[in-house]
Amino acid sequence: MDKFNKPYDPKETEEKIYKIWEKSGYFNPDNLPVAKPKNSKTKKIKNFCIIMPPPNANGSLHLGHALMLALEDIMIRYKRMSGFKTLWLPGADHAGFETQVVYEKKLEKEGRSRFQISREQLWQEIWDFTQANKATMENQIRRLGASCDWSREKFTLDNDIISKTQDTFIQMYDEGLVYRGKRLVNWCIKHQTGLSDLEVKHEERKDPLYYIKYGPITLATVRLETKFGDTAIAVHPKDERYKKFVGKEIEIETLIGKTKIKVIADNAVDPDFGTGAVKVTPAHDPTDFEIWQRHKDEISAPIEVIDQFGKMNLIEHFPNNEEVKKYHGLKILEARKIIAEEMEKRGLLFKVDNEYKHNVGLCYKCSNILEPRLMPQWFVKMEPLAKEAVNAVKKNEIKFIPERFKKIYFHWLKNIRDWNISRQIVWGIQIPAWFCENCNEAVVSKKKPLECKKCRHKDFYQDPDVFDTWFSSGQWPFFVLGYPDAKNYKNFYPTSVMETGWDILFFWVARMIMLGLYKTKKAPFQYVYLHGLVRDQDKKKMSKSKGNVIDPLGIVNEYGADALRMALIIGNTPGNDPVFSEDKVRGYRNFANKIWQATRFILINSEDFNENIKPKFSALDKKRFKELADLKKEITKLMESYKFYTAAEKLYHYFWHTFADKIIEENKSRLNGENKNDRAAAQALLVTIFNDLIKMLHPFMPFITEEIYGHLSIKDKPRRRGVGAPTEASEKLLIIEKW
RNA sequence: GCGCCUUUAGCUCAGUGGUAGAGCGUUCGAUUCACAUUCGAAAGGCCGUAGGUUCGAUCCCUACAAGGCGCACCA
């Protein structure tokens, strides 16, 4: 009771309560006191499962995580109280490239570089780094009140996950869904790895557009430096201006001598752009690469003139050519400038358009221009997978909240291209493939092959590349449940809800659907709930470089997790980016105290309660009961339709402005009056209402409600018998009370 | 280029085919009685613009405008 003599202090309560919950074992569905089915034939045990999107183990939690945890915890707690066997399975993500980038920055600060560290040592260092982060994050998740089952926690580099991921790759290879192809990949010269198309961000740039003379033809290009790799000139087939040249070789003066080059016709050329003629450089441009694929018989193989570091590499292709040395080894932009000068000198530069704007692809991490580079990589054939993924959603096997993301999802899948899953980094799951040291034949296998089938050679080396991290996390929902034969998998798969940010709809959600359907023949979840990105008060994205990142734990320390959760939930509809403000949190901290003070009032006024007096409810009491019952129906409906933002707001409003401001106030006179009967009735009324309200508030504000429940259930045990409350109340925790 | 979204009170956002809602903020007032992390009251909106459907539109349809975003091989 002394506790109630001061404002509510979350610090005194929250960590203590979390320990009680953890000790109770109720986070684990196996320990839940699920009502025995009355009729075992018709009534099945109801399961509800959410796989927590594993936070990246390369830093600490941000507000987006806090939002994710709040939403999922609300769903889980509501379902748990509604009698479901609830499993919320936590995890942590090694986050491949993301983590390696973070770690490389750390190395840079220390004056080191990953290219000077052995593979084994780098792996070990990043391993230690992620393990430390993981431990921190687990505690942060606890501080936010997440009622997840820690006994089932998984890490994306657990041995079974690694092994199963490799199995899938092998299976897909055997079934022709994975292939090794030498194609243009998005190469980052800083990070020295290829990236998937999703990891490319496009930005508009203004670059000079050079009009240059290739013999009788003038053509326009930005990328002058690739001219040494030209293998053709292309024009549109219907372009009258160039018809006479098509199929013929024309002599052109390059800067390193004279050569002949063929003119070809291809529909990819836009006759209205520039002069309607383009130079074709298949080794350094995706469009040109595709043109080459269509004209393989007519023109020579691609010539790579830029190396992996973004420098001119010419000597290899043009040995014994003195002129070449002038450009060899130059960086792209330097080369471009010098070539332009040289061409101008020789009268080969017709004009320069300095206002030309176009889109360039950048590395989404370092914003360096990505260099299209011709190299062999492992690709996943997307079309068959995408088709199934579209069908599953069309057939409503998976529903999106909000629904509009369906359209975006379809749009993406319709235009999908094959997925490059090779990464030239160490931090990840190594690809189970081997190359013959003699003939370079690739063998897909976990174990080192004994002999090359092609050349009988016996020495192999393993592909040093690792998987795109999303290739393994795309299989997370069923791997963590112990696919294919574990009990967890049988009980909880397909899972109920996948709740995550809309920003990873393609990266993760779509891949989970595709790979889930492929491996398990089932959609991995029934609902996709997509939350928005938490923004600062100026609606800006929070990022370390902007310095506007808010540490959720700082907020928790100051105002309590309950207040933070309410601030994140209320006014936040799915799919829309919420704006975060500390004022809002302060408001809900005040609300927590309001709940606290109302409790105090009730406890004070029921101290000398006489349990022999049966409550006689007044007409007004009954009216209030009716209102409460209506509210409960309404809230339940909102919970079922995933409108947590409205449910929380209504509860807030009812508690404060109806229960506290009206009901308590209108009962004050009764409590202070002479009529004992009336007094008893009033108290029973208050307690009953109270019992319902803290139950409904519990999913949203789990800590304070559990704390109060502890005080109420001990104190009010005798009286609650009269109003049909559960027995053994003092033994019970609110977390498993009936909704 | 293809596509998605937004536009409602000063701010952040809900919402419904039948004369507009919340939180915060603002203004005025109260207050030894659970709570100043309080209570009561008030001000404040032609629900982006123009058409259409309808007995009736903020809500449905069309166009337009402004803003945001996603996808995309135009050199």
Side-chain angles (χ1 to χ4, degrees), chain A residues 4-9 184 186 197-198 200-202 207 209-211 219-224 226 230 233-234 268-281 284-291 356 358-359 361 372 402 404-417 502-503 505-506 532-533 535 537-539 541 559-560 563 566-567 570-573 575-605 643 645-646 648-650 652-653 656-657 660-662 664-665 668-669 671-672 686:
Chain A
F4 286 90
N5 287 336
K6 51 184 181 178
Y8 174 62
D9 180 7
L184 279 191
N186 310 301
D197 292 340
L198 278 180
V200 180
K201 71 175 178 192
H202 296 271
D207 281 310
L209 181 66
Y210 302 96
Y211 285 73
L219 51 78
T221 183
V222 169
R223 302 211 56 188
L224 265 189
T226 61
D230 292 343
I233 294 171
V269 181
D270 175 2
D272 295 329
F273 181 87
T275 62
V278 295
K279 62 193 209 54
V280 179
T281 322
H284 298 290
D285 183 279
T287 311
D288 294 0
F289 181 78
E290 283 173 20
I291 292 177
Y356 177 63
H358 67 145
N359 285 320
R404 70 181 143 91
F405 281 98
K406 228 159 74 169
K407 293 184 209 164
I408 297 169
Y409 169 85
F410 287 144
H411 184 255
W412 185 71
L413 285 172
K414 239 201 290 188
N415 304 313
I416 201 159
R417 297 164 70 203
W502 59 254
D503 53 321
L505 175 63
F506 306 142
L533 265 59
R535 295 176 183 267
Q537 267 171 302
D538 304 321
K539 290 187 146 192
K541 222 166 152 175
Y559 304 104
M566 287 292 270
I570 292 182
N572 178 7
T573 47
N576 295 325
D577 294 349
V579 174
F580 183 83
S581 80
E582 217 170 306
D583 275 348
K584 215 171 155 185
V585 185
R586 222 170 273 132
Y588 296 111
R589 187 266 321 260
N590 295 355
F591 179 51
N593 189 54
K594 189 76 187 176
I595 300 172
W596 195 246
Q597 295 301 333
T599 307
R600 182 180 172 211
F601 176 82
I602 289 161
L603 291 176
I604 289 170
N605 286 289
K643 292 186 176 168
Y645 53 99
T646 315
E649 194 182 315
K650 296 236 178 205
Y652 169 88
H653 202 258
W656 199 317
H657 302 298
D661 291 348
K662 293 206 175 72
I664 288 184
E665 289 305 321
K668 271 184 180 169
S669 57
L671 289 163
N672 294 327
L686 291 175

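Chain letters run A, B, ... following the sequence lines, proteins first and then strands; every chain starts at 1. Excluded from the calculations below are hydrogen atoms, water molecules and symmetry mates; all remaining heavy atoms, backbone and side chain alike, are included. Note that the structure is predicted; figures quoted are calculated from it, not measured.
- Side-chain atoms of A:Asn359 and base atoms of B:A72 include a donor and an acceptor less than 3.5 Å apart.
- Rounding to the nearest 0.5 Å places CZ of A:Arg535 at 8.5 Å from NZ of A:Lys539.
- Only one option out of A:Ile291, A:Asp288, A:Thr287 pairs with A:Thr281 in a side chain to side chain contact (heavy atoms under 4.5 Å, CB included); it is A:Asp288.
- Following rounding to the nearest Å, A:Lys406 (NZ) and B:C5 (P) show an atom-to-atom distance of 13 Å.
- Every pair passing salt bridge (charged side-chain N to carboxylate O under 4.0 Å, His left out) that includes a residue from residues 270-279 of chain A is listed here, sequence neighbours excluded: A:Asp230-A:Lys279.
- Base pairing of B:U7 is made with B:A65, judged by Watson-Crick or G-U wobble geometry with both donor-acceptor distances under 3.5 Å.
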Taking only nitrogen or oxygen atoms into account, show me every contact under 3.5 Å that the protein makes with nucleotides 10-15 of chain B, one pair per line with its distance.
residue: B:C13; atom: OP2; partner: A:Lys539; partner atom: NZ; Å: 3.4
residue: B:A14; atom: OP1; partner: A:Thr573; partner atom: OG1; Å: 2.4
residue: B:A14; atom: OP1; partner: A:Asn576; partner atom: ND2; Å: 3.0
residue: B:G15; atom: OP1; partner: A:Tyr645; partner atom: OH; Å: 3.4

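- Rounded to the nearest 0.5 Å, atoms CG (A:Leu209) and CZ (A:Arg223) are 13.5 Å apart.
- Across the strands present, B:C73 finds no partner; the criterion is a Watson-Crick or G-U wobble pair with both atom distances under 3.5 angstrom.
- Taken from NE2 in A:His202 to NE2 in A:His358, the straight-line distance is 12.5 Å, to the nearest 0.5 Å.
- A:Asp270 comes within contact range of at least one nucleobase, with a heavy-atom separation under 4.0 Å.
- Within the 4.0 Å cut-off from OP1 or OP2 of B:C71, not a single side-chain nitrogen or oxygen of A:Lys201 is found.
- Comparing the C1' positions of B:G52 and B:G17 gives an interatomic distance of 15 Å, to the nearest angstrom.
- When rounded to the nearest whole Å, the span between CD1 of A:Ile416 and P of B:G3 equals 19 Å.
- Nucleotide B:U37 forms no Watson-Crick or G-U wobble pair with any nucleotide shown, as no partner meets the under 3.5 Å limit on both distances.
- Taking the C1' atoms as reference points, B:A66 lies 42 Å from B:G40, given to the whole Å.
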Kindly determine whether A:Ile408 and A:Phe405 satisfy side chain to side chain contact (heavy atoms under 4.5 Å, CB included), including the steps that lead there. CA-CA 5 Å; A:Ile408 297 169; A:Phe405 281 98; 3.9 Å; yes
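- Spacing of C1' atoms, B:U54 relative to B:U27, comes out at 42 Å, to the nearest Å.
- To the nearest angstrom, C1' of B:C24 lies 15 Å from CE of A:Met566.
- Note on ring orientation: taking the six-membered ring where Trp is involved, the planes of A:His653 and A:His657 are tilted (angle from 30° to 60°).
- Rounded to an integer number of Å, the gap from CZ of A:Phe410 to C1' of B:C71 is 16 Å.
- Within 4.0 Å (heavy atoms only), A:Val280 reaches no atom of the nucleic acid at all.
- None of A:Asn572, A:Leu533, A:Ile570, A:Thr573 except one satisfies the side chain to side chain contact (heavy atoms under 4.5 Å, CB included) rule with A:Pro578; the exception is A:Asn572.
- Rounded to an integer number of Å, the gap from A:Ile408 CD1 to B:U6 P is 10 Å.
- Phosphate proximity of B:U38 to A:Asn590: present, with a side-chain N or O under 4.0 Å from OP1 or OP2.
- Pairing of B:G21, defined by two Watson-Crick or G-U wobble distances under 3.5 Å, is identified with B:C13.
- When the C1' atom is used for both B:C74 and B:C60, the distance is 39 Å, rounded to whole Å.
- Comparing B:A65 with B:A50, their C1' atoms sit 10 Å apart, to the nearest whole Å.
- In this structure, the CZ atom of A:Phe405 is 10 Å from the P atom of B:C5, given to the nearest Å.
- Both distances falling under 3.5 Å, in either a Watson-Crick or a G-U wobble arrangement, occur for no nucleotide opposite B:G44.
- Here, B:G21 and B:A34 have their C1' atoms 30 Å apart, quoted to the whole Å.
- Between B:G23 and A:His657, a contact under 4.0 Å exists linking OP1 or OP2 to a side-chain N or O.
- Between B:G1 and B:A9, the two P atoms lie 32 Å apart (nearest whole Å).
- Counting any heavy atom pair closer than 4.0 Å across all strands shown, A:Ala592 reaches no nucleic acid atom.
- Between the C1' atom of B:C35 and the CZ atom of A:Arg600 lies a distance of 8 Å, rounded to the nearest Å.
- Among B:C39, B:A72, B:G23, the nucleotide with an atom closest to any side-chain atom of A:Tyr652 is B:G23.
- The 5' end of RNA chain B is approached more closely, in terms of each residue's nearest nucleotide, by A:His653 than by the other of A:Asp288 and A:His653.
- The side chain of A:Arg417 places an N or O atom within less than 4.0 Å of a non-bridging phosphate oxygen (OP1 or OP2) of B:C73.
- A cation-pi arrangement is absent between A:Lys594 and A:Tyr652, since the terminal nitrogen or guanidinium carbon is not both under 6.0 Å from the aromatic centre and inside a 45° cone about the axis.
- Within 4.0 Å (heavy atoms only), A:Tyr356 reaches sugar-phosphate atoms of the nucleic acid but no base atom.
- At the heavy-atom level, A:Tyr8 lies nowhere under 4.0 Å from the strands shown.
- Side-chain nitrogen and oxygen atoms of A:Lys594 include at least one within less than 4.0 Å of the OP1 or OP2 phosphate oxygen of B:C39.
- Counting only heavy atoms from C-beta on, A:His411 has its side chain closest to B:G3 among B:G3, B:C73, B:A22.
- Atom CD1 of A:Ile664 is separated from atom P of B:G40 by 12 Å (rounded to the nearest Å).
- The local environment of NZ in A:Lys201 is crowded, with over 12 non-hydrogen atoms from other residues, nucleotides or ligands closer than 6.0 Å.
- Distance check on atom P: B:G15 versus B:U32 gives 42 Å, rounded to whole Å.
- Candidate nucleotides B:A34, B:C4, B:A22 were compared by shortest atom distance to the side chain of A:Arg404, and B:C4 ranks first.
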